[in-house]
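First the structure, in the form of structure tokens, and then the observations on it.
Protein chains get the first letters and strands the later ones, always in sequence-line order, with residue 1 at the start of each. What you see below is based on every heavy atom in this structure, not just the backbone, and it leaves out hydrogens, waters and symmetry mates.
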Amino acid sequence: KNEVEQSPQNLTAQEGEFITINCSYSVGISALHWLQQHPGGGIVSLFMLSSGKKKHGRLIATINIQEKHSSLHITASHPRDSAVYICAGCYNTDKLIFGTGTRLQVFP
Amino acid sequence: NAGVTQTPKFQVLKTGQSMTLQCAQDMNHEYMSWYRQDPGMGLRLIHYSVGAGITDQGEVPNGYNVSRSTTEDFPLRLLSAAPSQTSVYFCASSYGTGPKETQYFGPGTRLLVL
């Protein structure tokens, strides 16, 4: 069992839909990252969370440390949001363990 | 700032050859790390460094070597390439001595071992 699991693995949406991607982890972490990887490979950091909620534009990330769960929400989705979204937990203060990613496709 | 740079972008090796993947950052970050990304698997940590002169092993270190002689550079050496090392390799850096801060990734190196 992976220490960091994401769901769903694949997600298809129509433009304008509200999207939720989930991340759960089996052991305690000090922080959780959400990353975005576009086709072509570049990886960009979206959020780093240790508690509560963060918002940037149409993206919202939440984390519940006690329940070992985080969510990434995209409001008013757009085709340019099509990418792989990856969560990663920070363990033992010096390592990241990554989920396998959620592939999102948004159609016009 | 150039951010995190990686060279080469693409490399083909024969089994048994050695090579060095270069990674450099100009943000004065203490923490640097190397990951490999394989289909169907999450990014996996190969080696990491919390500052110049300090390196440690990650999840999949076998067959790889690193050094950190300066804050800016963190090269990854493949000692004797094997087909199982065919992968995409990413270097990342961040402030502080751990990965709790925002991660900055390089563009990746695609490696094919024949």
Side-chain angles (χ1 to χ4, degrees), chain A residues 1-10 21-51 54 56 59 61 63 65 70 72 83-103, chain B residues 2-6 8-10 23 25 27 29-51 54-61 66 68 87-112:
Chain A
K1 184 182 189 304
N2 287 339
E3 290 172 305
V4 177
E5 292 199 342
Q6 290 184 235
S7 62
Q9 288 187 327
N10 294 284
I21 299 169
N22 296 298
C23 177
S24 60
Y25 44 94
S26 57
V27 296
I29 61 170
S30 57
L32 185 130
H33 295 264
W34 281 102
L35 309 167
Q36 181 190 57
Q37 186 173 26
H38 275 289
I43 300 173
V44 175
S45 177
L46 298 175
F47 296 103
M48 191 283 294
L49 292 161
S50 54
S51 65
K54 286 190 177 179
H56 182 70
L59 301 178
I63 189 167
I65 293 289
S70 177
L72 177 68
V84 176
Y85 292 84
I86 302 168
C87 67
C90 182
Y91 293 86
N92 299 328
T93 74
D94 59 1
K95 298 186 182 74
L96 289 178
I97 297 182
F98 294 78
T100 55
T102 295
R103 185 174 301 275
Chain B
V4 181
T5 58
Q6 289 184 238
K9 289 185 180 179
F10 181 70
C23 174
Q25 52 88 12
M27 297 173 281
H29 287 170
E30 292 294 329
Y31 187 85
M32 296 186 73
S33 51
W34 275 103
Y35 301 94
R36 58 177 291 172
Q37 186 176 42
D38 301 295
M41 304 186 75
L43 287 148
R44 291 182 293 168
L45 180 65
I46 304 171
H47 285 285
Y48 66 99
S49 169
V50 298
I54 306 168
T55 63
D56 207 344
Q57 295 182 349
E59 186 184 353
V60 288
V66 292
R68 184 95 180 268
S87 187
V88 181
Y89 292 84
F90 288 96
C91 178
S93 72
S94 61
Y95 288 111
T97 55
K100 194 174 174 180
E101 303 300 326
T102 298
Q103 298 293 298
Y104 295 83
F105 286 83
T109 293
R110 192 172 296 270
L111 177 67
L112 175 63

Problem - Sub-4.5 Å side-chain heavy-atom contact between Cys23(B) and Met32(B) - result: yes
Practice task
Report yes if some heavy atom in the side chain of Leu72(A) is under 4.5 Å from a heavy atom in the side chain of Phe47(A); otherwise report no.
Solution key: yes
Handout entry: Engaged part of Leu35(A) at the chain B interface, taking heavy atoms whose separation is under 4.5 Å
Key = side chain
Problem - Mutual orientation of the aromatic rings belonging to Phe98(A) and Tyr35(B) [parallel < 30°, tilted 30-60°, perpendicular > 60°] - result: perpendicular
Practice task
Considering only heavy atoms and a distance below 4.5 Å, find which of Ala31(A), Ser30(A), Ala88(A), Ser45(A) pairs most often with chain B.
Solution key: Ser45(A)
Problem - Contacting moiety of Tyr104(B), where chain A heavy atoms sit under 4.5 Å - result: neither
Practice task
Go through the structure and list residues passing side chain to side chain donor-acceptor pair (under 3.5 Å) with Glu30(B), not counting sequence neighbours.
Solution key: none
Fill in the blank from the handout: Honestly, the part of Gln37(B) sitting under 4.5 Å from a heavy atom of chain A is side chain
Exercise for the section: Pick one of side chain, backbone, both or neither for Leu45(B), based on which atoms fall under 4.5 Å of a heavy atom in chain A. Expected result: side chain
Give every donor-acceptor pair under 3.5 Å between a side-chain atom in residues 90-103 of chain B and any protein atom, sequence neighbours left out.
residue	atom	partner	partner atom	Å
Ser93(B)	OG	His29(B)	ND1	2.7
Ser94(B)	OG	Gly98(B)	O	3.4
Ser94(B)	OG	Gln103(B)	NE2	3.0
Gln103(B)	NE2	Pro99(B)	O	3.4
Gln103(B)	NE2	Glu101(B)	O	3.0

